[in-house]
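Before any comments, here is the structure.
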There are 4 protein chains.
Amino acid sequence: MARSRPARTEEDRAARRQAILDAALDEFSERGFAAARLEDVAARARVAKGTVYLYFPSKHVLFEELVRTAISEPVQKLGRRLLAPETALSIEEVLQAFYRWIRSEILDTKNRRIVHLVLAEGARFPEIAAFYHREVISRGLGLIREIASRTAATGAARSEELVRFPHLAAAPAIVALLWTSLFDRHEPLDTDGLFDAYLALLTRAMQPDEPP
Amino acid sequence: MARSRPARTEEDRAARRQAILDAALDEFSERGFAAARLEDVAARARVAKGTVYLYFPSKHVLFEELVRTAISEPVQKLGRRLLAPETALSIEEVLQAFYRWIRSEILDTKNRRIVHLVLAEGARFPEIAAFYHREVISRGLGLIREIASRTAATGAARSEELVRFPHLAAAPAIVALLWTSLFDRHEPLDTDGLFDAYLALLTRAMQPDEPP
Amino acid sequence: MARSRPARTEEDRAARRQAILDAALDEFSERGFAAARLEDVAARARVAKGTVYLYFPSKHVLFEELVRTAISEPVQKLGRRLLAPETALSIEEVLQAFYRWIRSEILDTKNRRIVHLVLAEGARFPEIAAFYHREVISRGLGLIREIASRTAATGAARSEELVRFPHLAAAPAIVALLWTSLFDRHEPLDTDGLFDAYLALLTRAMQPDEPP
Amino acid sequence: MARSRPARTEEDRAARRQAILDAALDEFSERGFAAARLEDVAARARVAKGTVYLYFPSKHVLFEELVRTAISEPVQKLGRRLLAPETALSIEEVLQAFYRWIRSEILDTKNRRIVHLVLAEGARFPEIAAFYHREVISRGLGLIREIASRTAATGAARSEELVRFPHLAAAPAIVALLWTSLFDRHEPLDTDGLFDAYLALLTRAMQPDEPP
DNA sequence: GATGAATGAGCATTCATTCAT
DNA sequence: CATGAATGAATGCTCATTCAT
């Protein structure tokens, strides 16, 4: 096989590193961590097996880096968008934006497979689970809780359950993600419909008590 | 090592088979399918490696039998309970019973790990996914939809979203299950509180429109 | 499975022993010694795996007994027939009888597979090879040599080569046997034609020099 | 263990491949296909177990390659020698050359063990048997038949039996080969004497009828 | 840096042999 | 005696990792 051009610049190295991460995502999500073969990762990234070890010290670390780096950026973007001080969105609007973001940044991208990997393998990768809890979950739930809290304070909506369990806002997203991976071939799921229906339920549920 | 007493009767065989399945559940859920070692399964079941093969022809089949048999029975029990004709439960009562069942039959038992295995490995075991969709998911969603449908018909509650997406009833259960496996050590989840909060939301959301 | 009737009489035991030997021949000649499974031998003999060990102490010994016992009897019969003092056969007649015997007692019976087993596995079973050399080969070659010798002495035929190399009389039989096992499906061999042709050659070759 | 120098060039690879084939021949002919251990092959070739799999995808294929490649070349050489148009050899001379070739290229080399492997295991390797029939046997018999045919046509010798059954020319070679493997330790065989005796017989048998 | 040949620990599976029933 | 469940050593094959080129 042709020998790849040595990656002399920082940019070259970053590009090659990314190629390996991309390939790794494909292989890990197709086969799972244990069954994925580093040789296949290398082949998919168009590098030699040994080259992978120039960028990642082990299969384990490669996996960790993969799930660690892929999600951080989208989550930060979301935070900036939803918490921007100038935006005075209602909680329904926030949730709608949240589901739209889930759809466009997670479900419809390779990030869906990253999240699925975390759900599937996280229990065996304590650092991954910790990282996800800290960087993604905590942060995401915090966002929801923050909005729900503000809303409840103004009396604009009965969002007290979401304050205590912001997880509930994420629940349909989890369902959509898992369904897509597991059952879509047997019974396709209308993800948007699901989100809309859930939003409709929440909206009615959060209706403030009518004034006398 | 001491030789196990030969399992001559049908009962003995069933017991040993079950011991192997139990051990397999432990190993598979601790390590995942690919990384689990049949030798460890055997050791945990207190039999020799070769004995496992007297009961299951391969690791693959052992895994499939494991997830296939463990869940069927509880699901059927649930169906009988919820659809018993004499019971005229409101949808809120049904959901409450459902969450209680989830709690006692899934979350608090080894079945939790079985379901997690399905979520984690199902994508690589098409037959498992198909089986689960057919025997567990379809059936479960059918139950919910049936109740929601009856309820909507009587006008007793606005359950039309649950008719279209009974998945939503299961969503918090999925969240609770995954959370338990992944993040409980970092931030314990009050599962009952979660279910209660969700029920409260649903109850308000399904409030029928007040008559004029 | 039904438990076989215990073999109480000597006859019973002999019959069961023979059933196992028959089954062993089938399995060993289909798969070779190493690849043959004792479990299959037992199944074919309609006994349990453990029963085989009541009759033969190991797979090795079973194989040795098999090839040891099967051939002895036919060879002794042949000897009695060919060397019967009253028969004053010419060497051509003896050879013809020999090939007929080869045909009917070896090539057309299960003995063919025994001999093939010896040819194939003998090198790894020194005792088998020794036994065969002593009981079958030596004896057979001795017979031929004896006849050839007598014949040469009378001047009835130029059989001196067969005296020194009685192996040559057996050569076409070996060829026929191997061909049947290996190449018959690709190009069937007319065994009788082969023997006849060889006999014709030998007959002409042994023609005594014409008297002046 | 010392790591073998990586075989980067085509030549290096061919050499290592050959080392493995040589080791495989040793192991297979000592133990038979089923009982030979790939680990021993590797050790004998001074490589690690895994290395064997870089050159041959399975034990089966290793065996097939072994018997496939070893014989072809000598057979082709023989064909070129015997059928060279300029050589106008008598059939006796051809047979003599043939036996000399058998001796120097088969019986006295590792090829003897290859042929014995084919005779022993061929029945379980249909492709091997087919290959041998096609490339070696058919071709060899064709050569003999061709010469015998030419000879018969000129009336120079009565070789009609060899035309119909060229197998007969090969018979003593088969006998010599098997004897060497099985019985030589008990009763050494004078292979050259055997061939000479056979040639003497054939020569007399093929004597053309004396003209009146 | 990049390569990919070499390594050998690791694991699923088989099967001769044992022995409790 | 007969059985066949149980055993565990043995072996083909894989693949993460190393390192000579």
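Just so it is clear, the values below take in all heavy atoms, side chains as well, and ignore hydrogens, waters and symmetry mates. Letters A, B, ... mirror the listed sequences (proteins, then strands); counts begin at 1.
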Note to self: By nearest heavy atom, map B/Tyr55 and C/Val52 onto DNA chain F; which one lands nearer the 5' end?
What the structure shows: C/Val52
Notebook entry, point to check: Does the side chain of A/Arg13 get closer than 4.0 angstrom to OP1 or OP2 of E/dG1 through an N or O atom?
Noted result: yes
Heavy-atom donor-acceptor pair, [X] side chain to [Y] backbone, under 3.5 Å:
X	Y	result
C/Arg124	D/Arg31	yes
D/His116	C/Leu119	yes
C/Glu121	C/Gly32	no
C/Tyr132	C/Val67	yes

Item checked: Proximity to the side chain of A/Arg16 - top-ranked nucleotide from F/dA6, F/dT7, E/dA2 -> E/dA2
Next item on the list: With a 3.5 angstrom cut-off on both distances, give the Watson-Crick or G-U wobble partner of F/dT21, or none if there isn't one.
Entry: E/dA2
Check: Taking a pair as Watson-Crick or G-U wobble with both distances under 3.5 Å, which nucleotide is matched to F/dC13?
Finding: E/dG10
Margin query: Taking side-chain hydrogen bond (donor to acceptor under 3.5 Å, both in side chains) as the cut-off, I'd like each qualifying pair that reaches into residues 50-65 of chain B, sequence neighbours left out, listed once.
Written below: B/Arg17-B/Glu65
Notebook entry, point to check: Between D/Phe28 and D/Phe63, how do the two ring planes meet: parallel, tilted or perpendicular, split at 30° and 60°?
Noted result: perpendicular
Once you round it to whole Å, what is the distance between [atom2] of [N] and [atom1] of [X]?
X	N	atom1	atom2	result
B/Asp12	F/dG4	CG	P	16 Å
B/Asp40	E/dG10	CG	P	12 Å
D/Leu54	F/dC13	CG	C1'	12 Å

Next item on the list: Check every strand shown and say whether D/Phe56 touches a base, only sugar-phosphate, or nothing at a heavy-atom separation below 4.0 Å.
Entry: nothing
Note to self: Generate the contact string for nucleotides 14-21 of chain F. Rules: B means base contact, S means sugar-phosphate contact only, - means no protein heavy atom under 4.0 Å.
What the structure shows: BSSBBSBS
